[in-house]
Each structure stands twice: as C-alpha cells, then as structure tokens.
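Everything below concerns the one structure shown next.
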Amino acid sequence: MARYNPKETEPRWRKAWDEADSFKAVASGDKPKYFVLEMFPYPSGRIHIGHVRNYAMGDVIARYKKAQGFNVLHPMGWDAFGMPAENAAMQSGGHPRDWTYGNIEIMREQLKQMGLAIDWSREFATCDPEYYVHEQRMFLEFWKKGFIERKESMVNWDPVDQTVLANEQVIDGKGWRSGAPVERRRLSQWFFRITDRADDLLAALEDGRLAGWPDNVKTMQKNWIGKSKGLKMRFHADAGAPRGFEAIEIYTTRPDTLFGASFVGVSPDHPLAAEFAKDDPKLQAFINECQAAGTSEEAIEKADKRGYRLAMTVKHPFVEGKTLPVYVANFILMQYGTGAIFACPAHDQRDLDFARKYDLDVIPVVCPPDADPASFDVTDEAYVGPGTIFNSGFLNGLPVDEALPKAIAKIEEMGDGQGTTNYRLRDWGISRQRYWGCPIPVIHCEKCGVVPVPEQDLPVKLPDEADFSKPGNPLDRNPVFVNTTCPECGADARRETDTFDTFVDSSWYFARFAAPTPDAPTDPEEANYWLPVDQYIGGIEHAILHLLYARYYTRNMMECGHVNVAEPFENLFTQGMVVHETYLDADETKKLKDRWLFPEQVEKKDGKVISIETGEEVIVGSIEKMSKSKKNVVSPEEIAETYGADAARWFMLSDSPPERDVEWSEAGVEGAWRLINRIWDLCEPNAGIFNRAGADIPAGTDPELRRLTHVTVDGVTDDIEHFRFNKAIARLYEFINGLKKAAPNASEAAVSEGLSALTRLIAPFIPHLAEECWAHLGGEGLACDAPWPKAEKALLVSETITMPVQVNGKRRTEITVPADADKEAVEKLAIEDEAVQRHLDGMQIVKLIVVPGRIINIVVKP
RNA sequence: GCGGACGUGGUGGAAUUGGUAUACACAACAGACUUAAAAUCUGUCGCUCUUCGAGCAUGCGGGUUCAAGUCCCGCCGUCCGCACCA
C-alpha cells in the first residue's frame, strides 16, 4: 500500500485551487453572501501556531459555508504599521518598511502553505499608501463633520531617549530601553470623539443588535463604557484657597453618602495640585512620585494609597460649620469625572484605606438591612450594599435608591451642582509620536492655525528617510517632510509629524476588503453587498479596544456614506489564546528586553531549565499569550515540514475547545498524522467506488453503518455551526473507526455513502487530503466545490435505547428498552432487573423517577 | 486595584445544559506481525479495598435537589483586558 505523501499531494492541490480560482469572491449571483473574517495579523516575522489556530478556524467556516451553498468572501491582509518595525530598525539599522514588507513576504508564503481558502486578490497592507490615503481622506471628512477634536492629554516621556513610551515600555516606572525614570508630559493631540457615540455604542450592546456576540464581550464593553448616573457639584472653599480655586468641582455616584464625607481629594494631575505645588517643593516632589508610576490606570490603582494634605479646607454642603480637609491623592484619576472626589470612607473601600492611613473620620451613613443603626460600625471593610440612610439629616430613613435623587435635587436647589450622566469611556486619542504609522494630514500655520492638507495633495506619504540612530521621532528632524507652505495663506508652515494610532488602520480594513476601489475608501454598492461581516473571528484580547473602535469608526463611515451598516460584525467568535512559558536569561546586568529566550533556545534537564547556549539555568517566567516581544513563540514549520499542513491544521483544532486558552504542547501531533494515514488507507483500496455504487440504497441495507454515517453528518454539521471543532473531530474519529470496522463486511453502496460523507466532512479541516481522496474515489470536480452532505432524519433514530438505573441516586445497572416504551413499561423493566432487586431487598420504594430516554431513579428507605 | 473568563485521570479534553463522570485523543504498559526496527493491529489504563462486588473522586469548604462537573454562598489558583503592544 502506498503511503500518503503530503509533500507531493499538498502543493499539487493548492495549484489546482489556484488554477480554478476556487476562492475568488465576486459580489454577484443568486447565492446568499457570507463574509468570513479572521482578525488580520501583524507581520511580526514568521507565523506561530497561534496564527495557525486562528486561521484554521476561519478556514473551516469559509469552506463549510461554501459547501453549504453560500457566496463566500474570505480575504487576508496585514496590520502592518506599528512599533515592532521601529524597534527592529533601532536594533538592526534597517528600514521599518523593508522589515515589514520582508516579513509579509515570508508570512504570506507560510499562510499559503496552510492551504487556506482565501481570495488573495484582495490582499493589502495598511502601510500601502493606496490604503492609508483613504484613511487620511476619512480623517479630513470626519474632522469637517465634527467627529474629531484637538486637546491635551498625558503621555509617558522618556527624558533620555527623548521619546514617548507606550505603557508596555514602562517597566517599574522606568523606560525599557534607557532605564531612566519616566515622566508624565502634557501634549496637544488629536482625538476621535467616541464619547459622543457612547450612548449608541452602549444601546446596541443591549437592544439585540449584537445578538451574535458572546455575552462576556458585551459585558466587558458595557463596563468599559461605564455609564453612570451621578452628581457634579462644587465644594466651596472655607480657608486657604488660591485665587481661582474658590470651589472644587467633584463628581460622585454616591451623593446619598454626602453626610459621611470626611475629605475632598484631587488627582495629582489636577490644576489645584499644580497651583499649590508652585510654592511647595514637597508637594511637587509628591506629585512627581505619583507621576512616575506612568499613565496606565492599572499602575495608578494598584499603587499604595497615598496622599498629601493641602493647606486648604472646604465647607460641607449640608452641615453648617463643618469643614473638610483637601488632599492630593494618588488613586484619583484625572481622566474620570472631574478629577476630584469627595470621600466617604465608610462606604468606599479605597476611601476607607486612605482614611485609616491618615487617621480621618469614618462616619457610617448607610445601615445594612439586618443591622441596627445604633451599633452598626465600619472597621476594615467598607459597606457598599443597599440599606437605609442614617446620620444624615434630611436623608434619614430613606433607602439608598431614594436618597440618591433627593440628595441631587437638594444640591441642584442650592445651585451648587447638577445631576449628570458620566461615562468611564474616554475620547480616543489617535496621535502617536512615531514614524511607522499613517501621517496625520494637517499643516500647522502660525497665522491660520491647524489647516487640513488639500484633497489633491493626498496621500501625505511617509518620507523614505528613517534614521533611528538618534533619539526622537525621525519625522521631526526631517526638514523636507516638515517644512511646507500653508495651503491657505501660502506662508511657511510646519507639517504635522504625528501619525495615527494603528487601531485606526484596523477599524475599517474589513470594509476595504469588501469593496476596494482606487478613488474612495469603499465602493459603497459592493460594500453594502458584503457587509456586515457575517462571522468575525479573533482573540479575546481584542474584546474591548479593537472591537469598540471598529464599531465606532463604522458609524462614522456610515454617516459619510461609505457603508450602510452601523455594526460591522454580525457574529463574533473569540477564540482562546495559545499560551506558552516565557524564559528569561538570569543575567540581570542585561536590559530586560534583551533577556527573553525562545523556547528552542532552552532545554529541560533534571527538572531545571537551562540555556542551550550558555548552559546556565534560566528563569522560567509566567505562562502568557505567544508574542514576539517575549519570544515565547513556537513555529508551525517543523510540524508542517514533517507531517504536512493538513496534520498541523487538524492537530491545532483537535482536543481543545476553540474558546479556551491552550498551553502549547506538541504531544499528540503524531496522532493527527496517524489519522491522515488511516483515512487514506480507508480510501486507497476503493478507487472509483463512487462510480460503481448506485445513488439509491435499498432500505434496510447495512443499517448500523448507515446510521453511523448519518449520525456523524448530523453531528459534525451541528458542531461546526457552533464552533465545536474539537467535538467534530472526536466524532470524525469515531466515524473513521466504525467505518473501518464495518467496511469489509458491508455493501459497496453503504461503504461508498460513508466514504463520500467522510471526504466532504473532513474537507474543511484537512482540505488537501479531502481532494486526494475525493479524486481517488471517483468524485466529480473538486472536493472544495462539492455540496455539504445531508443527514436523513429517518436514519438517525435507533430502535432501542440504554438507560441507567439508580437506586437512591447511585447508579446500579443499565437496562435496554425499546425506544417507544412507555413510562410504566420502563418502570417495570427497571424494578425487575436483578441488580436493582439486590438493592431493593428489605426496602420500601418512596419515589420512582423516570426521565424519558435519560435515567431512572428509585428512591427507597428501609 | 477594577472588569471578564477558566479550573475534570499521567496529559489535552467529553458530558445532549440538572440525569450513566472520564466520550475522543495523547502518553504509558502488555501482546501479535517482523531477522530487527519503523509502521500497523489487539488488549489494559482515575484512586482505594476484601477486586465476581463495593467505597471514594470533577481546585478547596459549605448549601439546594430524588439526582450537582453543571445551580447558590464563601475561599484558592491561573489566564485576558485596563485606553501609546497588536
């Protein structure tokens, strides 16, 4: 028997698909459309097995839907702008563009070798000027429509490298490259006004428009948007207020606890803090320390609660004569609300921690339902639940939800504030002080201000020079790029040197895939044919940012007439990540970013992990998603080289449920390879069987084999529909085992039916082998064009069923009953069973439960 | 710190959503074939015991139910996100 040789068959079938243009998508015909999209990759160098998992899943859906008779669009491209290209340029001196396009060449070849059913004619990279010109166009359109504004925000600044740092580049408050303590700097930047659409983005999560999205993603986005009802109010100064700060405006969601207030706090970034710091070096030092934590919310909130008391007090709004101290506190975010709070330590854990540390009052004002106000007290744990207000003047006796509006009304009546809706969501800052991104198409003129680049001058192309040997952004020191004239007055002017956040690039690529055209972002007619994406697939790590930005950006595009959908992704599937241990060189004198080791650079020996190069023990770090920066990546190449693309695809989809993270292990890959051969061995002796066996199979022929065939078709179909690829594969194993056992003694017709179903069922998973088998068995045309098999309902049912029998909830035996047996008959059979009788001896039957088709439980007592 | 998830044999996992816990696969072990190896095939495989039967097992501790991996309460551990990684 000839052994299956993927090295020979796989390239041959890929060529056949290419020549037949099998996966070319055309926006016409009477078939229903189906747009399948996996989140496009960043061209980091080579694909890793996380990519294989992601794209194999999308490919199963694309091929399955094609077989189901849909007109399928399944494109591929590159999220090609971003920092890794600049980092590579700094390290090796090359150009980000060469590095990026070089990587794309390699990764395209690797992806093609996976045998993906992709329409490669639509491929593009976001760094192609033909793509980003439209992004610049849309920016100007959005600006005109008021979707964009310029304002100040904070960035991490590395004083040595003279550059802005991403949060991930700030490690323990220091720059990852320079090691210098990071400063917070205020910069004028461009923002998309996503908060203007917060309400609709939230509403769509709740009103069924995103019914095809998983609940956990919707919940995460909902919490991220963080709509809250609360009160904006002013605390009036009592003493010590600097000029212009006679009142402090705070935001609170708990105005019902105002009587429990013990201090007012402001963020270290608050203007009041800056004002006091002018002549208080100690305060300035404190603010600097707080700012050294960087800009990330995580760092700010995780830090120990610390504060600095200002020489200022404010009046309590309700209690005559009562004053409150004012603190600068490190846990208050300038970005949220007004950057200032009032604190009620008894009913907020952060406030309580702070109050205990600085010995401030803790006044309980909400009494839990089952507690007594006279004795209720708060020690280490703030009470945040519902209850009745006490210690609170005019609010006394009210439940929390009634006290809230009453407190707001009172403050409004006093003219000191207003009830408001607030969002946690912030406007989307899109300016990046980096070279390798899409240039923001504006010009700064001393006279005319900020002026858009005229349409006919687009695209603003990135200049070729990119010298990363000096600190800072190469665009800033490129006179040819920077120096220009004002399009309005003709005077000398400066070109904007910031580039777009790469999330802008990925916020509309799906629309470009659907309808590329040279003169506009989309051809609206074609875009409207394909959109929305019917099935979007990507990592759970994108649950919030990318998916929210894309939803927002699509709304902008809709208002400009580029698309006619607000929600770009009809159905979403978030797959788990492939995670792997990280390895860190123990040499702490090296910079952190240079210490990571690839898995193939280490080996395990006597329970230790050592570096192959140095022989030294390495630090085994946490298990994390595969990423190039931490080098914990595993390439699929070796597997594909040894066993073929089909085996690699099959292996990545078997075993683990798609939505769950998997810790990478190669154990089991040989099982995938054995399966490929087992299927081939099953088909090999049956050359041309489809031509010999008739289409009609007489009733009663090989009922068990036929039932297995149809049950498998039914089950695998259902599994694919629900993204249960691991279960589909387990079912296919059972089918293959059963087919193999039955084939020698079964009729050619039943065997042919089984093999025909098998070939088509495996085609989405292992398409090359499916083609080889299909051709060998006498199939017409290509397997990728063959229709999906249909299960005959009549063949699914079995005549008898097996039911377990429990006595007092413990399984004692099982009985086989006719499928149509009624309840009494089942009860009788169960009680009469010998094994059951042993447990009924000397007992009295109290209750008898029969769940039809499931289980029998006999409850007894002595 | 906040938000979202996950936790079942030596390993990856299954369990029709409250109804036979461990399907399917990997690894291991034993056997067949072979001069030998590979490949292939057959069988065993959660733990404990008095093993033909029974008891105990789904991260830990409680609870609801005739029945709990599944539901509820409280812990522990791991992963993802936290706005300039993509």
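By convention in this document, chain letters (A, B, ...) are assigned in the order of the sequence lines, proteins followed by strands, and residues within each chain are numbered from 1. No hydrogens, no waters, no symmetry mates; every other heavy atom, side chains included, goes into these values. Computed from a prediction, not measured in an experiment: that's the story for all the values here.
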Assign B/rU64 to syn or anti; the rule is syn for a glycosidic angle within 90° of 0 and anti otherwise. anti

Is B/rG12 in the syn or the anti form, by the rule that syn lies within 90° of 0?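 Because its glycosidic torsion lies more than 90° from 0, B/rG12 adopts the anti conformation.
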
Quick check for you: among [options], whose closest atom lies nearest to any side-chain atom of [X]?
X: A/Pro84; options: B/rA86, B/rC80, B/rA21; value: B/rA86
X: A/Lys847; options: B/rG3, B/rC66, B/rA86; value: B/rC66
X: A/Arg426; options: B/rA83, B/rA86, B/rC85; value: B/rA83
X: A/Asn737; options: B/rU20, B/rA25, B/rC82; value: B/rA25
X: A/Val662; options: B/rG4, B/rG13, B/rC80; value: B/rG13

Has [X] got a side-chain N or O lying under 4.0 Å from the OP1 or OP2 atom of [N]?
X: A/Asn726; N: B/rC24; answer: no
X: A/Arg660; N: B/rC80; answer: no
X: A/Ser656; N: B/rG13; answer: yes
X: A/Arg432; N: B/rC84; answer: yes
X: A/Ser296; N: B/rC82; answer: no

Has the side chain of [X] got a donor or acceptor that lies under 3.5 Å from a partner of the other kind on the base of [N]?
X: A/Arg731; N: B/rC24; value: no
X: A/Gln433; N: B/rC84; value: yes
X: A/Asn223; N: B/rG3; value: no

Need to verify one output field. Residue with the more 5' nearest nucleotide on RNA chain B, A/Glu814 or A/Tyr42? A/Glu814

Starting at the 5' end of RNA chain B, which residue's closest nucleotide do you reach first, A/Lys810 or A/Met83? A/Lys810

Between [X] and [Y], is any side-chain donor less than 3.5 angstrom from a side-chain acceptor?
X: A/Gln221; Y: A/Trp213; answer: no
X: A/Ser153; Y: A/Gln189; answer: yes
X: A/Asp158; Y: A/Thr163; answer: no
X: A/Asn737; Y: A/Arg678; answer: yes

Once you apply a heavy-atom cut-off of 4.0 Å, does [X] come out as touching a base, just sugar-phosphate, or nothing?
X: A/Pro41; value: nothing
X: A/Lys740; value: sugar-phosphate
X: A/Asn857; value: base
X: A/His839; value: sugar-phosphate
X: A/Leu732; value: nothing
X: A/Glu298; value: base
X: A/Gln221; value: nothing
X: A/Phe331; value: nothing
X: A/Ser654; value: nothing
X: A/Trp428; value: nothing
X: A/Met577; value: sugar-phosphate
X: A/His546; value: nothing
X: A/Gln806; value: base
X: A/Ser431; value: base

Name the one of A/Asp718, A/Asn726, A/Asp719 that satisfies side chain to side chain donor-acceptor pair (under 3.5 Å) with A/Arg731?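 The passing option is A/Asp719.
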
Side chain to side chain donor-acceptor pair (under 3.5 Å) with A/Gln433: of A/Asn473, A/Asp498, A/Asp476, only one passes, and it is A/Asp498

Rounded off to whole Å, could you give me the [atom1]-to-[atom2] distance for the [X] and [N] pair?
X: A/Leu545; N: B/rG81; atom1: CG; atom2: P; answer: 10 Å
X: A/Gln575; N: B/rG4; atom1: CD; atom2: C1'; answer: 16 Å
X: A/Leu653; N: B/rC26; atom1: CG; atom2: P; answer: 16 Å
X: A/Arg724; N: B/rC24; atom1: CZ; atom2: C1'; answer: 15 Å
X: A/His722; N: B/rU17; atom1: NE2; atom2: C1'; answer: 12 Å
X: A/Ile801; N: B/rG19; atom1: CD1; atom2: C1'; answer: 13 Å
X: A/Asn167; N: B/rA86; atom1: CG; atom2: C1'; answer: 14 Å
X: A/Arg854; N: B/rA67; atom1: CZ; atom2: C1'; answer: 14 Å

Under 4.5 Å between any side-chain heavy atoms of A/Val836 and A/Ile856, yes or no? no

Pairs where residues 39-51 of chain A contributes a residue and the test side chain to side chain donor-acceptor pair (under 3.5 Å) is met, not counting sequence neighbours: A/Arg46-A/Glu637

According to side chain to side chain donor-acceptor pair (under 3.5 Å), does anything in residues 850-862 of chain A pair up with another residue at least two apart or in another chain? List the pairs.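 Residue pairs passing side chain to side chain donor-acceptor pair (under 3.5 Å), neighbours aside: none found.
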
Scan the side chains in residues 536-544 of chain A for donor-acceptor partners under 3.5 Å anywhere in the protein, sequence neighbours excluded, and list what turns up.
from	atom 1	to	atom 2	distance (Å)
A/Tyr536	OH	A/Tyr509	OH	2.6
A/Tyr536	OH	A/His546	NE2	2.7

Where are the stems of RNA chain B, defined as at least 3 consecutive Watson-Crick or wobble G-U pairs with both distances under 3.5 Å? B:1-7 with B:76-82, B:10-12 with B:24-26, B:28-32 with B:40-44, B:46-49 with B:53-56, B:59-63 with B:71-75

Please measure how far the [atom1] atom in [N] lies from the corresponding atom in [M], and state the result in whole Å.
N: B/rG31; M: B/rA37; atom1: P; result: 12 Å
N: B/rG43; M: B/rC80; atom1: P; result: 43 Å
N: B/rA21; M: B/rG4; atom1: C1'; result: 28 Å

Aromatic centroids of A/Tyr733 and A/Phe735 separated by under 6.0 Å: no

Polar atoms only, N or O, under 3.5 Å: list the protein pairs with nucleotides 27-33 of chain B and their distances.
from	atom 1	to	atom 2	distance (Å)
B/rA27	OP2	A/Arg674	NH2	3.1

When you check the gap from the basic side-chain N to the acidic O, do A/Arg432 and A/Asp501 get nearer than 4.0 Å? yes

For the backbone of A/Cys290 and the side chain of A/Asn330, can you confirm whether one donor and one acceptor N or O come within less than 3.5 Å of each other? no

Salt bridge (charged side-chain N to carboxylate O under 4.0 Å, His left out) filter on A/Arg426, not counting sequence neighbours, yields A/Glu297

